[in-house]
Amino acid sequence: QVQLVESGGGLVQAGGSLRLSCAASGRSFSTYVMGWFRQAPGKEREFVTSVSWSPGSTVYAPSVKGRFTISRDNAKNTVYLQMNSLKPEDTAVYYCAAARATTTSVNGYDYWGQGTQVTVSS
């Protein structure tokens, strides 16, 4: 069982940066693939990025590649999402999630956080 709690969301101007954190509880954190998803009003939840248990193995959605960076600290049971050069279209609720294997599918993730709002003003 893994419990996830996101933090770090907020309001930022276009071109700005935010860093999201996801604190996990559970002894098996380091064995899970950790991912970030987002959901904008009226849209489906979409994959943003993931990082495997082996640091350095990451996947990014084309829309965020080069602007967002995912990282994890297994000693702190925490995964981070550094978001730079933010755009108004990045506005969404951002969710942290845990999966047994690398996947970009919502259905592949077993555990989810409650989400944190990110709003980018133009």
Side-chain angles (χ1 to χ4, degrees):
Q1 187 80 10
V2 177
Q3 293 182 328
L4 306 171
V5 179
E6 302 97 333
S7 61
L11 173 64
V12 64
Q13 288 188 333
S17 299
L18 277 176
R19 188 194 195 201
L20 305 183
S21 298
C22 173
S25 63
R27 294 179 296 173
S28 301
F29 170 78
S30 62
T31 67
Y32 282 87
V33 173
M34 299 301 299
W36 286 96
F37 287 74
R38 65 186 182 186
Q39 188 166 18
K43 294 187 177 181
E44 293 186 352
R45 192 169 298 189
E46 65 174 2
F47 173 81
V48 175
T49 181
S50 67
V51 59
S52 72
W53 66 270
S54 175
S57 181
T58 57
V59 179
Y60 291 93
S63 59
V64 306
K65 196 169 186 178
R67 300 188 298 122
F68 291 10
T69 302
I70 189 171
S71 61
R72 67 189 295 166
D73 185 336
N74 288 336
K76 296 182 178 180
N77 277 14
T78 303
V79 62
Y80 305 97
L81 181 63
Q82 178 67 43
M83 304 185 294
N84 298 329
S85 301
L86 282 161
K87 305 174 181 179
E89 51 263 44
D90 294 318
T91 295
V93 177
Y94 283 70
Y95 297 90
C96 175
R100 296 285 187 178
T102 298
T103 177
T104 61
S105 170
V106 170
N107 294 330
Y109 285 77
D110 301 309
Y111 304 101
W112 292 85
Q114 82 288 351
T116 185
Q117 177 70 46
V118 171
T119 303
V120 184
S121 63
S122 57

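These numbers come from the heavy atoms of this one structure, side chains and all, not from hydrogens, waters or symmetry mates.
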Review point. Linking I/L/V/M/F/W/Y whenever their side-chain heavy atoms sit closer than 4.5 Å, directly or via other members, would V93 and V79 fall into one cluster?
Key: no
Check your understanding: OG of S30 to CZ of R72: how many Å apart, nearest 0.5 Å?
Key -> 7.0 Å
**Study point:** Minimal non-hydrogen separation, R67 against S85, with atom names
**Key:** NH1-O, 3.0 Å
**Study point:** Evaluation steps, ring-ring contact (aromatic ring centres under 6.0 Å, His included), between Y95 and Y109
**Key:** CA-CA 11 Å; Y95 297 90; Y109 285 77; over 10 Å; no
Point to revise | With T119 via side chain to side chain donor-acceptor pair (under 3.5 Å) - residues at least two apart | key: Q117
**Study point:** Q13, CD: over 12 other non-hydrogen atoms inside 6.0 angstrom
**Key:** no
Check your understanding: Looking only at heavy atoms, which two atoms of D73 and Y80 are closest? And how far apart?
Key -> CB-CE1, 4.2 Å
Practice item. With the side chain counted from C-beta on, respond yes when F68 and L86 share a heavy-atom pair under 4.5 Å apart, and no when they do not. Key: yes
Review point. Which atoms form the tightest heavy-atom contact between F37 and T104, and what is the distance?
Key: CE2-O, 3.7 Å
**Study point:** Beyond-backbone contact of E6 with Y94, side-chain heavy atoms, under 4.5 angstrom
**Key:** no
Revision key, fill the gap. Residues V64 and R38: closest non-hydrogen pair is CG1-NH1, 4.0 Å
Review point. In terms of heavy-atom contacts, does CD of E89 have more than 12 from other residues, nucleotides or ligands at under 6.0 Å?
Key: yes
Point to revise | Path from V59 to V51 over hydrophobic side-chain contacts below 4.5 Å | key: no
Exercise for review: Working to the nearest 0.5 Å, report the span between CH2 of W36 and OG of S50.
Suggested key: 13.0 Å
**Study point:** Distance in Å, D110 CG paired with R100 CZ, rounded so as to fall on 0.5 Å steps
**Key:** 6.0 Å
Exercise for review: Taking the side chain as every heavy atom from C-beta outward, state whether K76 and S21 have any pair of such atoms under 4.5 Å apart.
Suggested key: no
**Study point:** Reported OH-to-CG distance for the pair Y32 and N74, which is rounded to 0.5 angstrom
**Key:** 13.0 Å
Study note, to complete from the structure: Scanning both residues in full, the closest heavy-atom pair of N84 with S17 reads OD1-OG, 2.9 Å
**Study point:** Heavy-atom closest pair, residues A23 and T78
**Key:** CA-OG1, 4.3 Å
Point to revise | Residues in side chain to side chain donor-acceptor pair (under 3.5 Å) contact with N77, at least two apart in sequence or another chain | key: none
Exercise for review: To the nearest 0.5 Å, tell me how far L18 CG sits from Q82 CD.
Suggested key: 8.5 Å
**Study point:** Any side-chain heavy-atom pair of M34 and L4 under 4.5 Å
**Key:** yes
Exercise for review: Measure from the side-chain N and O atoms of S52 to the backbone N and O of V33, and report whether any donor-acceptor pair falls under 3.5 Å.
Suggested key: no
Check your understanding: Does a side-chain heavy-atom distance below 4.5 Å link F47 with T103?
Key -> no
Review point. Can you check whether R45 reaches W112 side chain to side chain, under 4.5 Å on heavy atoms?
Key: yes
Point to revise | Sub-4.5 Å side-chain heavy-atom contact between D90 and V118 | key: no
Check your understanding: Do Q39 and V106 have side chains that get closer than 4.5 Å, going by heavy atoms?
Key -> no
